[in-house]
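One structure below.
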Amino acid sequence: MNGNRNRNAVACGGCVLSMAGALTATSVWLAWTPTRIRLGHGFENEGMDLTVLFTELPLVFLAGAAVPALAYASLARLLSGRRTRDDT
């Protein structure tokens, strides 16, 4: 029963970390100067290109969610594998 609780805690931690990574990556991308220029903050909307919302934004969000989740999953797997080897 305790193993299920640990697995649930690990899964919940991975989800929280994944969402934090996605929101952080999106915030950094929006603050980046080339992105701000493409979204209309250039001089007299020069270089405005709203297609970045359909091309770059989903990729940034997914990468921001995937990288922390994969790192967390590999670390959790490494630590749980070490723990089971030490217990036997």
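Note: hydrogens, waters and symmetry copies are ignored here, and every other heavy atom, side chains too, is used. Throughout, numbering of the chain's residues begins at 1 and tracks the sequence.
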field: Listed once per pair and sorted, the salt bridge (charged side-chain N to carboxylate O under 4.0 Å, His left out) pairs that draw on residues 24-34, sequence neighbours left out
entry: none

- line: salt bridge (charged side-chain N to carboxylate O under 4.0 Å, His left out) pairs touching residues 53-74, sequence neighbours excluded, are Arg38-Glu56

List the atom of [X], the atom of [Y], and the distance in Å for their closest heavy-atom pair.
| X | Y | result |
| --- | --- | --- |
| Ser74 | Ala71 | OG-O, 2.9 Å |
| Ala20 | Thr24 | O-OG1, 2.7 Å |
| Asp49 | Thr51 | OD1-OG1, 2.7 Å |
| Gly21 | Pro68 | CA-CG, 3.9 Å |

- request: Please check if Phe54 and Val60 belong to a single hydrophobic cluster, counting links between Ile, Leu, Val, Met, Phe, Trp and Tyr side chain heavy atoms closer than 4.5 Å.
  value: no

task: Determine, using the 4.5 Å side-chain heavy-atom cutoff (strictly less than), whether Tyr72 and Val16 are members of one ILVMFWY cluster.
output: no

task: Quick one: pull up CG in Leu17 and SG in Cys12 and give me the separation to the nearest 0.5 Å.
output: 11.0 Å

query: From Thr33 OG1 over to Ile37 CD1, what is the distance, rounded to the nearest 0.5 angstrom?
result: 6.5 Å

Side chain Ser18, main chain Gly14, donor-acceptor under 3.5 Å: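 Checking the backbone N and O of Gly14 against the side chain of Ser18, no donor-acceptor pair under 3.5 Å is found.
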
Would you call [X] and [Y] a side-chain contact if the rule is heavy atoms closer than 4.5 Å?
| X | Y | value |
| --- | --- | --- |
| Val52 | Trp29 | yes |
| Leu57 | Thr26 | yes |
| Leu39 | Leu53 | yes |

